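All values derive from a computational prediction rather than experimental measurement. Each chain gets a letter, A, B and so on, in the order its sequence line appears, and its residues count up from 1. Heavy atoms only: backbone and side chains are in, while hydrogens, waters and symmetry mates are out.
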Amino acid sequence: MANKIAPLGGFPELLPAARVVEREVVASLSRTFELHGFANIETRVVEPLDRLAKGGEIDKEIYVLRRLQAGDGDSDSGLGLHFDLTVPFARYVLEHAGHLEFPFRRFQIQPAWRGERPQEGRYRQFTQADVDIVGVDVLPFHHDVEVMRVMVDALDALPIPPVSFQFNNRKLIQGFYRGLGLADVTAAIRTIDKLDKLPADRVAALLVSDAGATPEQAQRCLELATIRVSDTSFVEQVRKLGVEDDLLEEGLTELAAVVEGCAAGGHRHVTVEANLRIARGLDYYTGTVVEIFMEGYERLKSVGGGGRYDALASDGRTTYPGVGVSFGVSRSLIPLLADGVLSGSRAVPSAVLVAVVDEETRDASTAVADALRARGIPCEVAANAQKFGKQIRYAERRGIPFVWFPGSPGVAGEVKDIRSGEQVAADPATWTPPTEDLRPQVVTEEKKQ
RNA sequence: GUGGGUAUAGCUCAGCUGGUAGAGCGCCGCCUUGUGGUGGCGGAUGUCGCGGGUUCGAGUCCCGUUACUCACCCCA
C-alpha cells in the first residue's frame, strides 16, 4: 500500500500552475459570453439513460451510475453521466421552459464523460464550453451568425495558437445533391466525409457503389467538396457547377452570411472559411455547421464545433430549434500545457512571502501580511523561521516573486524582488507589486523567450 | 473492441549473450553564523509493476496478470 498510486488514464488532473491556465481560459470564455449577453447555467451531471440513448440504443461509451448497495437483482439506477452538454441542455429547456425567456441564450462550461480509449486530446473526463441560442417553434437565421460570432470572439481572446472556423451548411449540401438527382443524400454526405482518409478517386468509387451515384454525379460531389475559401466567392464557384435547387440557394445565402458575419470586425488570430466538405452530425444538424481547428494541432482533429438544429428539443407539442457551438477546453488545453506552449507563471497565488525572523516575532510578520491582504495583495507568512536564505528559496520554489523582511521597532521593513535581487525599504500600508505580479498569469511560449 | 510498445530512485532513463542496481536532473547537508540562484565537497533514496516458472543464481529468459501508452475502430 505504501507503493505509488497509478494514474487513471483518461482522467487528467492538472498541477496548480497548469490549473492557473485552465481557470484563466474558463474565466476569459465566460467574460466574452457574458459580454454578448449569454446567461450561465450548470446542469446536473446525470441524465436518465433513455434520454442519453442515441437512436434508441444505449451507447456503450456512457458511464452508468450504480449504487454499491444495489442488490444482485437490481441492474442499475437508470442514470448515466452526460457525454456532452447539448443533451442535458435540451432536457433543461424542456423541463424549465415555463420559466425561461425565449430566445434563450446560455453558456455552460462543465465536464462530460465518455468511456473512450484515451489518447492525446481524447479523455474520459473532459471540460467543454458550449454557447447556444434556443427559440420556440422558430429561431430566425440571424442567430446563427450571432452565436458563431460569439465563439469567434471568445477564442480570439484566448492565449492559444491561431484557430480556424470552417463553416458549411446542410441545406447547401442537401439542396445540391437533390438538385443533382442523388437519391441517398445521407449516404453521400457520409461518404464525402471520408475525404480526410481516402484519396479522391476512392471516394468517387464509393459514391457510385454505396450512395447510388452515377460517375458524373460523383464527380460533381467531389468538385463541391473541394471548394474552400475565406470569403463568399464560393457562391459563384458553386453556381458554376450548374446545379439548381431552392434549398441550395437558401444554403448559399446562409453560409455567405455566416462567413461574412464572422469574418467582420477583424480578429487577432481567428480565421474564417467556407469549407464545403464539412459534414458533422448527420442526424440532427439542419443548416449551419462548423468545425474548429487549431494551428499546429491538426492531429487533434477539431477542437470545437456545432451548428443549427431545427429540433434541439421537443415535447411533442412544441419544438425548440437551436443553434450553438462548443469548444473543447480539455482537448485543446491539455496538449498545449504538455507541450509547454502555455504555462502558469506560478503555482501559488501568493505575490509575497513574508519572512519570519524568529518564532517570538511571528506576530509582526502576520501583521505585515494582514496589511498587504487588506489592500488585496495575496501573500503568505513563512512556515518556518529558517535562515533567510532558506526562506527565499521557499519562495523561489513556488514562484513567489517577492520576499518581505519585517522591520523591528524603529527599523523599516524591506521587500526584495527575488528575480532581480533588488531590495528596498517599504511600508506594508502603501507598497504594491506591479500589476502583472499580483496574480498568477498565463505564460505563452513567445512571452517566455 | 483490435493490434503494437512500455513498466528500474521524486523526474527522465541506462543496465550488452542471466552473476545480488547505475547516470543525469532534482532533493538534503556543508563550504556560507540570518539574503537564495552560480561553483566546490559530501549525503540519502529503490520489495527493478504484480504472480508464477526455468536456473546454483532472474531487473535480464518464459508464461500469466494489471496498469500506462501509441495506433486502429468509434467519436453528439
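Within 4.0 Å of Arg114(A), counting heavy atoms only, lie sugar-phosphate atoms of the nucleic acid but no base atom. Across all strands, Gly305(A) comes closer than 4.0 Å to no nucleic acid atom at all (heavy-atom distances). Heavy atoms of Tyr394(A) sit nowhere under 4.0 angstrom from any nucleic acid atom.
Rounded to a whole angstrom, the distance from the C1' atom of G42(B) to that of G59(B) is 29 Å. Between G40(B) and G22(B), the distance separating the two P atoms is 23 Å to the nearest Å. One C1' atom belongs to A71(B), the other to G36(B), and the distance between them is 47 Å to the nearest Å. Across the P atoms, C27(B) and C11(B) are found 14 Å apart, a figure rounded to whole Å. Atom C1' of C61(B) sits at a distance of 15 Å from the matching atom of C16(B), rounded to the whole Å. Taking atom P on both nucleotides, U12(B) is separated from G57(B) by 35 Å, rounded to a whole Å. Using atom P as the reference point in both G4(B) and G10(B), the two lie 32 Å apart (nearest Å). The P atoms of A7(B) and U38(B) are separated by 32 Å, rounded to the nearest whole Å.
Side-chain proximity of Val87(A) to the nucleotides A76(B), C70(B), U35(B) is greatest for A76(B). Taking the side chain of Lys387(A) as heavy atoms from C-beta on, and the options C74(B), U33(B), U35(B), the nearest nucleotide is U33(B). Distance from the side chain of Lys416(A) is smallest to U35(B) among U69(B), A76(B), U35(B). When distances are taken from the side chain of Glu396(A) to each of C74(B), C73(B), G36(B), the shortest belongs to G36(B). Set against C74(B), C70(B), U35(B), the side chain of Arg122(A) has C74(B) as its closest nucleotide.
Across the strands present, U54(B) finds no partner; the criterion is a Watson-Crick or G-U wobble pair with both atom distances under 3.5 angstrom. In this structure, C68(B) forms a base pair with G5(B), meeting either the Watson-Crick or the G-U wobble geometry with both donor-acceptor distances under 3.5 Å. Pairing partner, C74(B): none, since no Watson-Crick or wobble contact has both distances short of 3.5 Å. G36(B): no Watson-Crick or G-U partner with both key distances under 3.5 Å is found in any strand.
Electrostatic pairing of Asp144(A) and Lys171(A) does not count as a salt bridge here, judged by no charged N lying under 4.0 Å from a carboxylate O.
Other residues, nucleotides and ligands contribute over 12 non-hydrogen atoms within 6.0 Å of the CD atom of Glu359(A).
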Problem - Test log, rule ring pair (Phe, Tyr, Trp, His ring centres under 6.0 Å), inputs Tyr285(A) and Tyr309(A) - result: CA-CA 5 Å; Tyr285(A) 288 120; Tyr309(A) 310 73; 4.8 Å; yes
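Legend: ring pair (Phe, Tyr, Trp, His ring centres under 6.0 Å) pairs involving residues 390-442 of chain A, not counting sequence neighbours, sorted by first then second residue: Phe388(A)-Phe405(A), Phe402(A)-Trp431(A), Trp404(A)-Trp431(A).
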Please list, pair by pair, any protein nitrogen or oxygen found under 3.5 Å from a nitrogen or oxygen in nucleotides 24-28 of chain B.
from, atom 1, to, atom 2, distance (Å)
C27(B), OP1, Arg397(A), NE, 3.0
C27(B), OP1, Arg397(A), NH2, 2.8

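Proximity of Gln119(A) to the phosphate of A71(B): a side-chain N or O atom is located under 4.0 Å from OP1 or OP2.
Atom NE2 in His82(A) sits roughly 20 Å away from atom P in C75(B) (whole-Å rounding). Rounded to an integer number of Å, the gap from CD of Gln128(A) to C1' of C75(B) is 12 Å. When the P atom of U35(B) is taken as reference, atom CD of Gln423(A) falls 10 Å away, rounded to whole Å. Counting to the nearest Å, the P atom of G37(B) and the CZ atom of Arg398(A) are 17 Å from each other. Atom CZ in Phe126(A) sits about 11 Å away from atom P in A76(B), given to the nearest Å. A76(B) atom P lies 19 Å from atom CG of Leu81(A), rounded to whole Å. Following rounding to the nearest Å, Asn384(A) (CG) and U35(B) (C1') show an atom-to-atom distance of 17 Å. Put simply, CZ on Arg190(A) is 11 Å from P on C74(B), counting in whole angstrom units.
Just one residue in the list Arg299(A), Lys301(A), Arg331(A) forms a salt bridge (Lys or Arg N to Asp or Glu O under 4.0 Å) with Glu120(A), and that residue is Arg299(A).
Nearest-nucleotide mapping onto RNA chain B: of Gly9(A) and Lys301(A), the residue sitting toward the 5' end is Gly9(A). Nearest-nucleotide mapping onto RNA chain B: of Arg117(A) and Arg331(A), the residue sitting toward the 5' end is Arg117(A).
Ring geometry for His96(A) versus Tyr92(A): interplanar angle of 30 to 60°, hence tilted.
Judged purely by distance below 3.5 Å, without hydrogens or angles, the side chains of Arg106(A) and Gln108(A) pair a donor atom with an acceptor atom. Defined by atom type and a distance below 3.5 Å, a donor-acceptor pair is missing between the side-chain atoms of Asp363(A) and Thr366(A). Side-chain contact check for Ser345(A) and Gln441(A): no donor-acceptor pair (N or O, by modelled atom type) lies under 3.5 Å. Residues Ser164(A) and Gln166(A) have side chains that bring a donor and an acceptor to within less than 3.5 angstrom of each other.
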